[in-house]
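Keep in mind it's a predicted model, so treat the numbers as computed, not measured. Counting starts at 1 for both ligands and their atoms, in listed order.
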Amino acid sequence: MRVPIIAGNWKMFKTVGEAAGFVREVKGKAEVDGVESVICAPFIHLPVLAEAVKGSSLKLGAQNLHWADSGAYTGEISGVMLQDLGVRYVIIGHSERRAYFAETDETVNAKMHAAFKHGLTPIVCVGEKLEQREAGQTKEVCRIQTGAAFKGLDGAQAAMAVIAYEPIWAIGTGKSSTATDANEVIGYIRQVVEAMFGSAVSAKIRIQYGGSVKPENIREFMRQPEIDGALVGGASLEPGSYIQLVEGAR
Ligand code: 13P
């Protein structure tokens with residue numbers, strides 16, 4: 001049985017004070033038996049949130065990491081630093097990083113290795129652009145991105161990872177994929193994992209859907225057999241909405 005995982009990707013929103021207030025409001029509420037609840041906050045929020053989530057089952061994630069342990073990389077944050085804070089998850093290869101910050105399949109793969117080296121669970125994002133979907137390339141894009149992300153990892157690592165299938169045209173647009181469509185693509189991504197690592201791994205790996213998920217549609221996605229949760233942007237920012245998302249994943 002795969003434990004569903006709801007992860008809030010706050011992107012570049014909230015001050016540290018607002019973030020701490022959010023955790024105070026959701027503590028004990030965005031915590032439901034049988035659902036993992038992860039808040040992926042900006043780096044500077046993480047030390048304060050690490051204290052704030054103590055005594056709860058809420059987990060913390062970062063939104064990026066550098067592939068090196070340390071070095072002359074101005075403005076970057078390493079896996080060593082995240083692990084030291086008690087961060088458990090890290091988003092890797094989000095489409096916004098691929099589009100605006102020159103993230104490539106190669107840097108995604110290097111970051112996957114760095115995450116495992118430092119005991120962090122990657123939430124690795126794959127997904128097609130609108131023109132790729134219209135050209136019938138959705139599965140091909142997901143196959144290439146997934147294959148590249150997991151290159152050189154072993155089955156035990158792959159089984160622990162989380163993949164987020166986020167069709168780019170559905171992010172922040174209010175236009176979500178249909179649940180059945182998302183289920184089909186996610187089922188295909190699971191086959192890609194199976195071809196790489198075997199069926200024991202593909203049966204274990206959790207694959208989320210992301211893209212305009214909200215309290216009104218979370219249950220529809222969760223009803224699908226292949227979908228193991230959601231990576232949520234906009235609707236994860238408000239405590240009441242986040243609590244409903246976690247409850248909806250039960
Ligand atoms: P929205 O939920 O705002 O569409 O964002 C999705 C996303 O990019 C999560 O990583």
Side-chain angles (χ1 to χ4, degrees), residues 4-14 18-19 22 26 30 35-43 45-46 59-65 87-101 103 107-108 111-112 115 120-130 132-133 138 141-142 145-146 149 161-179 181-183 185-186 189 206-222 224 227-249:
I5 170 168
I6 296 294
N9 174 11
W10 282 358
K11 307 191 180 184
M12 196 173 71
F13 288 99
K14 296 190 189 296
E18 287 164 353
F22 178 101
V26 305
V35 179
E36 222 176 334
S37 170
V38 183
I39 295 165
C40 300
F43 289 131
H45 299 27
L46 295 171
K59 295 189 179 126
L60 280 187
Q63 298 172 14
N64 185 27
L65 84 169
V87 171
R88 304 280 291 277
Y89 286 85
V90 59
I91 297 172
I92 296 176
H94 192 281
S95 59
E96 286 150 15
R97 296 214 61 85
R98 293 182 195 251
Y100 310 135
F101 302 102
E103 193 82 90
T107 60
V108 167
K111 291 175 180 192
M112 292 287 284
L120 301 163
T121 299
I123 300 176
V124 60
C125 303
V126 301
E128 80 286 1
K129 298 177 185 153
L130 184 58
Q132 292 168 325
R133 162 157 290 232
T138 297
V141 169
C142 292
Q145 290 181 341
T146 303
V162 178
I163 299 175
Y165 166 56
E166 297 208 309
I168 295 169
W169 49 270
I171 294 177
T173 56
K175 228 174 19 175
S176 59
S177 175
T178 65
D181 247 29
N183 188 64
V185 179
I186 287 175
I189 295 169
R206 291 181 294 174
I207 311 182
Q208 303 171 300
Y209 168 74
S212 298
V213 175
K214 37 187 187 272
E216 296 74 40
N217 62 18
I218 181 70
R219 285 191 164 77
E220 209 179 313
F221 286 107
M222 295 307 302
Q224 304 297 320
I227 302 181
D228 302 317
L231 182 59
V232 187
S236 75
L237 290 167
E238 198 270 311
S241 165
Y242 184 69
I243 292 164
Q244 287 181 55
L245 287 165
V246 175
E247 284 173 345

Margin query: Given 3.5 Å as the limit, does a donor-acceptor pair link the side chain of Q132 with the main chain of K129, or not?
Written below: yes
Checklist line | Sidechain-backbone polar pair: N217 side chain, A179 backbone, donor-acceptor under 3.5 Å | finding: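 No: the side chain of N217 does not pair with the backbone of A179.
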Next item on the list: Kindly give the heavy-atom pair with the smallest separation between F43 and A62, and that separation in Å.
Entry: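 Closest approach of F43 to A62: CE2-CB, 3.8 Å.
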Where ligand 1 meets [X] - atom numbers and elements under 4.0 angstrom, heavy-atom basis:
X    : result
G234 : 1 (P), 2 (O), 3 (O)
N9   : 9 (C), 10 (O)
G172 : 1 (P), 3 (O), 4 (O)
A170 : 4 (O)
E166 : 6 (C), 7 (C), 8 (O), 9 (C), 10 (O)

Notebook entry, point to check: Is it the case that Y242 and S37 place a side-chain donor and acceptor less than 3.5 Å from each other?
Noted result: yes
Note to self: Do E166 and H94 pair up side chain to side chain, a donor and an acceptor below 3.5 Å, judged on atom types alone?
What the structure shows: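 A donor-acceptor contact under 3.5 Å links the two side chains.
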Next item on the list: For ligand 1, find out whether one of its N or O atoms is nearer than 3.5 Å to an N or O atom of S212.
Entry: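 Yes, at least one N or O pair falls under 3.5 Å.
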Check: For atom 2 (O) of ligand 1, what's the nearest protein heavy atom and its distance?
Finding: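 The closest heavy atom on the protein side is G233 N, 2.8 Å.
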Note to self: What protein heavy atom lies closest to atom 5 (O) of ligand 1? Include the residue and the distance to one decimal.
What the structure shows: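 The answer is K11 NZ, 3.3 Å.
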Notebook entry, point to check: What is the ring orientation for F22 with W10, classed by angle as parallel under 30°, tilted 30 to 60°, or perpendicular over 60°?
Noted result: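 Ring orientation, 0 to 90° scale: perpendicular.
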